[in-house]
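One structure is given here, and the rest of the page talks about it.
We name chains A, B, ... by the order of the sequence lines, and we start the count at 1 in each one.
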Protein chains: 2
Amino acid sequence: MTNYNCTNCDSQITSNEQAMLVLEKAGVRATAPRIILLCLLHCKGTPCHMTAEKLYEKSIIADSKVSLATVYNTLRTFTAAGILREVNTDSSRVYFDTNVSDHHHFYNERTGELADINENLLQGIKLPPLPAGSKLQSIDLMIRIRS
Amino acid sequence: MTNYNCTNCDSQITSNEQAMLVLEKAGVRATAPRIILLCLLHCKGTPCHMTAEKLYEKSIIADSKVSLATVYNTLRTFTAAGILREVNTDSSRVYFDTNVSDHHHFYNERTGELADINENLLQGIKLPPLPAGSKLQSIDLMIRIRS
DNA sequence: ATACCTGCAAAGTCTTTGCAATCAA
DNA sequence: TTGATTGCAAAGACTTTGCAGGTAT
């Protein structure tokens with residue numbers, strides 16, 4: 001199979017073999033489109049917050065076009081598998097974050113830029129009791145700014 | 001002008017006159033559709049988290065139909081004027097919250113339910129420095145749950 | 001008088017889906 | 001082999017917009 005790596009990858013995922021391992025470990029079948037997209041998501045030049053459309057364009061530029069529908073489906077699959085995290089800002093677009101560890105975000109309402117906050121601001125805060133019969137999924141903290 | 005109040009209003013906004021005052025104070029022109037919608041938003045039976053579609057239906061039921069486009073536009077106008085707050089959950093819908101004071105939310109990812117958390121969990125947390133040249137707009141904390 | 005607002009229908013944006021062909025295990 | 005996956009185009013959900021007529025100040 002052709003090598004779908006972006007030539008510009010950082011240390012995270014630098015080969016198809018590595019991508020296949022990540023996919024396998026996450027329990028999703030390693031198909032060509034998924035390997036392409038995973039590599040593109042972890043390229044050095046790729047911001048960790050991507051939209052479907054941007055990733056689609058990236059695949060075209062990389063000469064490894066994956067259909068837009070598949071990009072959408074794959075992003076959902078990756079999110080369900082835990083190798084991406086969905087970030088909601090203002091309903092006009094969904095971002096997918098390659099950083100799946102606990103962290104928060106700055107969101108610039110004017111530019112649409114999203115930036116990670118890696119320090120855990122919520123250490124030591126006391127959560128209110130959850131509604132009866134519900135279980136915690138995640139805690140999202142977003143600091144909205146304007147420039 | 002006909003009285004557009006929901007018969008079921010709680011103490012917040014119980015008359016058109018009161019609605020007009022709120023609108024005027026917020027700096028938005030008091031028009032019939034806006035008075036209708038403001039009253040409906042502050043009805044006793046109305047949850048404080050509403051979508052455009054739900055509010056539209058409510059206006060039809062109340063026999064004071066406001067066009068869907070106007071509902072959308074009015075919700076945006078109210079938000080810009082500070083008498084509503086936008087809450088983003090999962091990109092499929094936008095909620096508008098009649099509670100504009102500082103508070104947080106539970107969001108049930110399965111049911112789509114949104115609930116207020118009125119205690120301020122963020123008292124005493126230390127914010128990271130904002131990106132250069134930006135100013136704080138708001139801090140959103142959402143606790144995602146599933147039942 | 002004048003700038004703003006409304007309703008309607010049409011258009012727009014982002015995302016999902018149906019289906020036949022293709023692929024991984 | 002067999003169920004999962006892909007691409008395409010079409011459909012879908014939610015929201016915004018253009019415009020002619022109406023309204024608040």
Side-chain angles (χ1 to χ4, degrees), chain A residues 1-2 4 16-17 19-38 40 49-57 59-60 63-81 84 86-96 112 114, chain B residues 1-2 4 16-17 19-38 40 49-57 59-60 63-81 84 86-96 112 114:
Chain A
M1 186 198 313
T2 348
Y4 289 119
N16 293 353
E17 292 66 34
M20 292 172 80
L21 280 175
V22 170
L23 293 173
E24 194 173 336
K25 194 183 276 183
V28 307
R29 195 179 278 189
T31 66
R34 286 173 183 171
I35 293 168
I36 295 170
L37 296 178
L38 190 57
L40 289 174
H49 307 109
M50 289 285 281
T51 61
E53 195 73 35
K54 278 193 273 177
L55 186 55
Y56 171 64
E57 284 161 18
S59 80
I60 292 175
D63 233 351
S64 310
K65 180 182 155 183
V66 174
S67 81
L68 185 55
T70 299
V71 171
Y72 273 104
N73 291 333
T74 301
L75 288 172
R76 292 252 159 267
T77 302
F78 285 1
T79 301
L84 279 183
E86 186 177 335
V87 181
N88 294 113
T89 55
D90 63 12
S91 86
S92 67
R93 50 193 142 196
V94 179
Y95 285 94
F96 292 89
L114 204 54
Chain B
M1 186 197 316
T2 349
Y4 289 119
N16 294 353
E17 292 65 35
M20 292 172 79
L21 280 177
V22 170
L23 293 173
E24 193 173 336
K25 193 182 281 182
V28 306
R29 196 178 274 188
T31 65
R34 287 173 182 172
I35 293 168
I36 296 170
L37 295 178
L38 189 57
L40 289 174
H49 306 109
M50 289 285 281
T51 61
E53 195 72 37
K54 277 192 275 179
L55 186 55
Y56 172 65
E57 284 161 18
S59 81
I60 293 175
D63 233 349
S64 311
K65 180 181 154 182
V66 174
S67 82
L68 186 54
T70 298
V71 171
Y72 273 104
N73 292 332
T74 301
L75 288 172
R76 293 252 158 266
T77 302
F78 285 3
T79 302
L84 279 184
E86 185 178 335
V87 182
N88 294 113
T89 56
D90 64 11
S91 85
S92 67
R93 51 193 142 196
V94 179
Y95 285 94
F96 292 89
L114 204 53

Can a donor-acceptor pair be found between the side chains of A:Ser67 and A:Thr70 at a distance below 3.5 Å? yes
Rounded to whole angstroms, how far apart are [atom1] on [X] and [atom2] on [N]?
X       : N      : atom1 : atom2 : value
B:Glu24 : C:dC5  : CD    : P     : 14 Å
B:Glu57 : D:dC14 : CD    : P     : 11 Å
A:Tyr56 : D:dT6  : OH    : P     : 15 Å
B:Met20 : D:dT23 : CE    : P     : 14 Å
B:Ile36 : D:dT23 : CD1   : P     : 13 Å
A:Asp90 : D:dT15 : CG    : P     : 12 Å
B:Ile35 : C:dT6  : CD1   : P     : 10 Å

Answer yes or no: is there a side-chain heavy-atom contact under 4.5 Å between A:Met50 and A:Tyr56? no
Side chains of A:Phe96 and A:Thr51, heavy atoms from C-beta outward: is any pair under 4.5 Å? no
Pairing residues for A:Ala81 by the side chain to side chain contact (heavy atoms under 4.5 Å, CB included) criterion, not counting sequence neighbours: A:Ala26, A:Val28
Overall bend of the helix from C:dA1-D:dT25 to C:dA25-D:dT1 (five pairs an end, 10° steps) is 40°
What string of B, S and - do you get for nucleotides 9-20 of chain C 5' to 3' if you count protein non-hydrogen atoms under 4.0 Å? B----SBBB---
From the list B:Leu37, B:Thr31, B:Leu38, side chain to side chain contact (heavy atoms under 4.5 Å, CB included) with B:Arg34 holds only for B:Thr31
Candidates B:Thr74, B:Ile60, B:Asn73, B:Val71 - the one meeting side chain to side chain contact (heavy atoms under 4.5 Å, CB included) with B:Val66: B:Val71
Pairs under 3.5 Å (N/O, protein and nucleotides 1-4 of chain D):
| unit_1 | atom_1 | unit_2 | atom_2 | d |
| --- | --- | --- | --- | --- |
| D:dG3 | N2 | A:Arg29 | NH1 | 3.1 |
| D:dA4 | O4' | A:Arg29 | NH1 | 3.4 |
| D:dA4 | O4' | A:Arg29 | NH2 | 3.4 |

B:Ser64 side chain to B:Ile36 main-chain N or O, any donor-acceptor pair under 3.5 Å? no
Hits for side-chain hydrogen bond (donor to acceptor under 3.5 Å, both in side chains) against A:Thr89, two or more places apart or cross-chain, chain-then-number order -> none
Tell me, please, which residues at least two apart from B:Arg29 pass side-chain hydrogen bond (donor to acceptor under 3.5 Å, both in side chains). none
N-O pairing of B:Glu86 and B:Arg76 below 4.0 Å: yes
So does B:Glu24 have more than 12 non-hydrogen atoms from other groups sitting under 6.0 Å from CD? no
